[in-house]
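Step one of this worksheet: look at the structure below.
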There are 2 protein chains.
Amino acid sequence: MARTMRKPRRGELTRDRVVATALDCLDRLGLEAFSMREVARAVGVFPTALRWHVPGGRNGLLAEAAALALSGVTPEGDAAKDWRAWLRDLFDRYRAAMRRHPNAAALLGAQLVSNGGVPLALVEGVLTALEAAGYQGDALRDAYNAVIAAMVGFATLEFAPEPAEDRDGWAASLRTHVEASVRDAGRYPTLARNANQVAGQAFVLRWQTGSAAPLDSGFACYVDVFLRGLDAARGSSSKAKTRDVLF
Amino acid sequence: MARTMRKPRRGELTRDRVVATALDCLDRLGLEAFSMREVARAVGVFPTALRWHVPGGRNGLLAEAAALALSGVTPEGDAAKDWRAWLRDLFDRYRAAMRRHPNAAALLGAQLVSNGGVPLALVEGVLTALEAAGYQGDALRDAYNAVIAAMVGFATLEFAPEPAEDRDGWAASLRTHVEASVRDAGRYPTLARNANQVAGQAFVLRWQTGSAAPLDSGFACYVDVFLRGLDAARGSSSKAKTRDVLF
DNA sequence: ACCTGAACACCGTTCAAGT
DNA sequence: ACCTGAACACCGTTCAAGT
């Protein structure tokens, strides 16, 4: 499976070294400013040389960097034993990984597949947990999709990047705008009633990304809601019901 | 509030017209290939002229296009009357909007704010629904964050774009890779047992985006799980509990 | 107020050439 | 096998100039 079976001598340019420094560049520069030329500079080589190690070009390299950021998120424990704990662990680990690599969040949040190897252990784990929870067949697949989307969803939004240029000015003007609208009791009574809990601490109403101002309790609620929902929705999908009737 | 109070004569270049054609370009070209120069071409003007109408540059224009794609998602009904129905409607409308503008999904899925006006009606509605559901104070804020993340999460992943170049070759090779791994009963027994339900129809294991192969039943399950969870988690946040004890 | 036009610095990628 | 080096087509943005 390994693409190259060579001894990687010290100081040599490896595919792995390219991917690692790519993730490093992504962390430093952000997704927009990330460039092949910068990666090449970082590893001390001409831009075009990268292509030999990473044929996928910029997108391929980003995909591999994202996959690297994802390494270690799959819990080691047995998913069948305590499926709730396993899934909760998975959610926590995914968010923690995105916390370490916030600029990879948008990448993983909107990608068909991590291009450099499908994370099959993760898939297997989720399926095992959901089977233990009582899901099977089409309902299992649907629940699996729900879990993956949920795992990815919160962190993607939480770590969404601030605009690159004039961050402070942008934050200041957005802040005053939000703090004004949020007290418009005439048009938005519920919002006004909860202005203090919400301004600067809620999606769409905040002016800092999750790296600077984490949404810990929001995430805790999110996971709670989702796990309880998985419990409650078990065996109640409309399709499953009609099938049970038919057979 | 409106930025310009002018009569927009026929054929004139308006800010709105620029944003509308920008969304059009985004739909046609995708996020990566989207360029100011192409938008300028489409409206028949020099690239630098756009900057007069849209000072935000490329990112600003994209943000406004995304906001336009989002118009009409907030349900008109009373969120306090039947909060479950209202939220379900919201989820459906958001996904439908992203179905119409798949390339805007990634944009909205990873953005702090839609830059050209915060969607306050949506915020107000969600807060009202959650208050009706029994959430208040910090727990209300947390639940709000959970709802927004959930609303955005599924569609962002479902409509994640396929690679721009060599789509067919990519799909074919990924397909064979997935179909092989998925039957590796030794390493992934649960996966192998559910290979038929899952291959090509589940996140990370599919080779088509949601525009070509919608994940309808997965989305239905997702919404179901989340709404049931909101029901069950009500008034059970750890903080709320300790507060109830203290006072 | 609204748009043209040239110029700048920076991209990703291709392709030939070196060793 | 692995990397250099030049070249190409395309960017977003700035800034002066037109009307």
Side-chain angles (χ1 to χ4, degrees), chain A residues 2-19 21-22 25-26 28-65 107 115 161 163-167 169-170, chain B residues 2-19 21-22 25-26 28-65 107 115 161 163-167 169-170:
Chain A
R3 221 182 79 88
T4 168
M5 278 309 176
R6 292 262 328 290
K7 69 273 156 178
R9 288 184 318 218
R10 267 262 308 150
E12 209 182 1
L13 190 50
T14 329
R15 176 192 181 89
D16 287 354
R17 207 159 82 83
V18 172
V19 173
T21 60
C25 286
L26 182 60
R28 285 192 347 254
L29 310 170
L31 182 53
E32 298 220 316
F34 176 91
S35 79
M36 300 263 94
R37 290 173 123 106
E38 178 65 33
V39 176
R41 224 167 284 143
V43 300
V45 90
F46 273 58
T48 45
L50 293 181
R51 233 177 166 73
W52 199 93
H53 300 273
V54 188
R58 188 189 130 108
N59 286 333
L61 185 48
L62 279 173
E64 305 227 37
L107 232 42
N115 218 359
E165 75 261 345
D166 189 25
R167 273 186 18 187
W170 169 84
Chain B
R3 221 183 79 88
T4 170
M5 279 309 174
R6 291 265 326 293
K7 68 276 153 176
R9 286 184 317 218
R10 266 260 310 149
E12 211 183 359
L13 190 52
T14 328
R15 178 193 180 87
D16 288 353
R17 208 159 82 82
V18 172
V19 174
T21 60
C25 286
L26 182 61
R28 286 190 349 252
L29 309 169
L31 182 54
E32 299 220 314
F34 176 91
S35 80
M36 300 263 94
R37 290 174 123 106
E38 179 63 32
V39 176
R41 224 167 284 145
V43 300
V45 88
F46 272 58
T48 44
L50 293 181
R51 234 178 166 74
W52 199 91
H53 301 273
V54 188
R58 187 189 131 108
N59 286 335
L61 186 49
L62 279 173
E64 305 228 37
L107 232 40
N115 218 359
E165 76 262 342
D166 188 26
R167 274 187 17 188
W170 168 84

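For the numbers below, each heavy atom of this structure counts, side chains included, while hydrogens, waters and symmetry mates do not. Just so it is clear: chains get the letters A, B, ... in the order the sequence lines come, proteins before strands, and each one is counted from 1.
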For A49(B) against H53(B), the heavy-atom pair lying closest together
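Of all heavy-atom pairs spanning A49(B) and H53(B), the closest is O-CD2, 3.7 Å.
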
Give the minimum heavy-atom separation between E64(B) and V54(B), together with the two atoms involved.
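Closest pair (atom of E64(B), atom of V54(B), distance): OE2-CG1, 4.5 Å.
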
Could you work out which one of dC11(D), dT4(D), dT4(C) sits closest to the side chain of V45(A)?
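Selected nucleotide (nearest to the side chain): dT4(D).
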
List the atom pairs, with distances to 0.1 Å, where a side-chain N or O of residues 29-44 of chain A and a protein N or O form a donor-acceptor pair under 3.5 Å, not counting sequence neighbours.
from	atom 1	to	atom 2	distance (Å)
E32(A)	OE1	N59(B)	ND2	3.1
S35(A)	OG	E38(A)	N	3.0
E38(A)	OE1	R41(A)	NH1	2.7
E38(A)	OE2	R28(A)	NH2	3.3

Could you run down nucleotides 12-19 of chain C 5' to 3' and tag each one B, S or - for protein heavy-atom contact under 4.0 Å?
BSB-----

Starting at [atom1] of [X] and ending at [atom2] of [N], how long is that distance when rounded to a whole Å?
X	N	atom1	atom2	value
F46(A)	dA6(D)	CZ	C1'	10 Å
R17(A)	dC2(D)	CZ	C1'	14 Å
L50(A)	dT4(D)	CG	P	10 Å
R15(A)	dC3(D)	CZ	C1'	17 Å

Please evaluate residues L26(A) and L107(A) with respect to the criterion side chain to side chain contact (heavy atoms under 4.5 Å, CB included), reporting the C-alpha separation (whole Å), side-chain torsions for both, the decisive distance (0.1 Å), and the verdict.
CA-CA 11 Å; L26(A) 182 60; L107(A) 232 42; 4.1 Å; yes

Applying salt bridge (Lys or Arg N to Asp or Glu O under 4.0 Å), which residue pairs with at least one partner in residues 45-54 of chain A are found, sequence neighbours left out?
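Listed once each, the pairs would be none.
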
Name the stems with DNA chain D in them: runs of three or more consecutive Watson-Crick or G-U pairs, distances under 3.5 Å?
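In DNA chain D, stems of three or more pairs: C:4-8 with D:12-16, C:12-16 with D:4-8.
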
Tell me whether the OP1 or OP2 atom of dC3(D) has a side-chain N or O from H53(A) closer than 4.0 Å.
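It does, given that an N or O in the side chain of H53(A) lies less than 4.0 Å from OP1 or OP2 of dC3(D).
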
Salt bridge (charged side-chain N to carboxylate O under 4.0 Å, His left out) involving R167(A) - partner list, sequence neighbours excluded
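Applying salt bridge (charged side-chain N to carboxylate O under 4.0 Å, His left out) to R167(A) gives E162(A).
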
